[in-house]
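These numbers were taken from a predicted model, which means no experiment stands behind them.
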Amino acid sequence: LSQDETTSTSSSSSSSCAHSLLILGKPGGGKGTISGKILSDFPQFRHVSTGDQLRQHVRNETKLGLEA
């Protein structure tokens with residue numbers, strides 16, 4: 001869908017409807033790059049990096065970070 005089609009579709013749907021897009025790939029495979037391009041076209045989306053979250057847990061020495 002183009003951005004205009006997506007905008008018109010999402011504006012007519014209820015606010016309780018959520019969509020997710022999962023991008024998988026090897027380290028250095030361009031997941032962050034393609035995510036940035038998607039976010040520039042669809043700013044209503046959020047980017048969540050599980051790698052960034054895990055590194056933050058390791059830095060903060062949380063239970064999860066210590067297990068990693």
Side-chain angles (χ1 to χ4, degrees):
L1 294 174
S2 72
Q3 186 173 1
D4 292 336
E5 291 170 321
T6 303
T7 303
S8 65
T9 302
S10 62
S11 63
S12 64
S13 56
S14 71
S15 61
S16 65
C17 181
H19 298 280
S20 298
L21 175 65
L22 180 63
I23 300 173
L24 302 172
K26 63 181 183 173
K31 300 175 298 293
T33 301
I34 194 66
S35 296
K37 291 180 180 182
I38 291 169
L39 289 173
S40 68
D41 289 340
F42 300 97
Q44 70 272 22
F45 289 170
R46 273 187 41 205
H47 176 252
V48 177
S49 168
T50 56
D52 289 347
Q53 290 180 344
L54 182 58
R55 285 185 286 279
Q56 184 176 3
H57 279 279
V58 170
R59 255 191 321 275
N60 294 336
E61 299 180 352
T62 66
K63 182 179 177 184
L64 177 64
L66 294 173
E67 288 179 24

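Put simply, the side chain of Lys31 never gets that close to the backbone of Ile23: no donor and acceptor are under 3.5 Å apart.
To the nearest 0.5 angstrom, Leu66 atom CG is 9.0 Å from Leu64 atom CG. Distance CZ/Arg46 to CG/Leu21: 14.0 Å, rounded to 0.5 Å. Note that the CD atom of Gln56 and the CG atom of Asp52 stand 8.5 Å from one another [nearest 0.5 Å].
Ser35 approaches His47 most closely through the heavy-atom pair CB-CD2, 3.5 Å. A pairwise comparison of heavy atoms in Phe45 and Leu39 identifies O-CD2, 3.4 Å as the closest pair.
Around atom CD of Glu61, no more than 12 heavy atoms belonging to other residues, nucleotides or ligands sit under 6.0 Å away.
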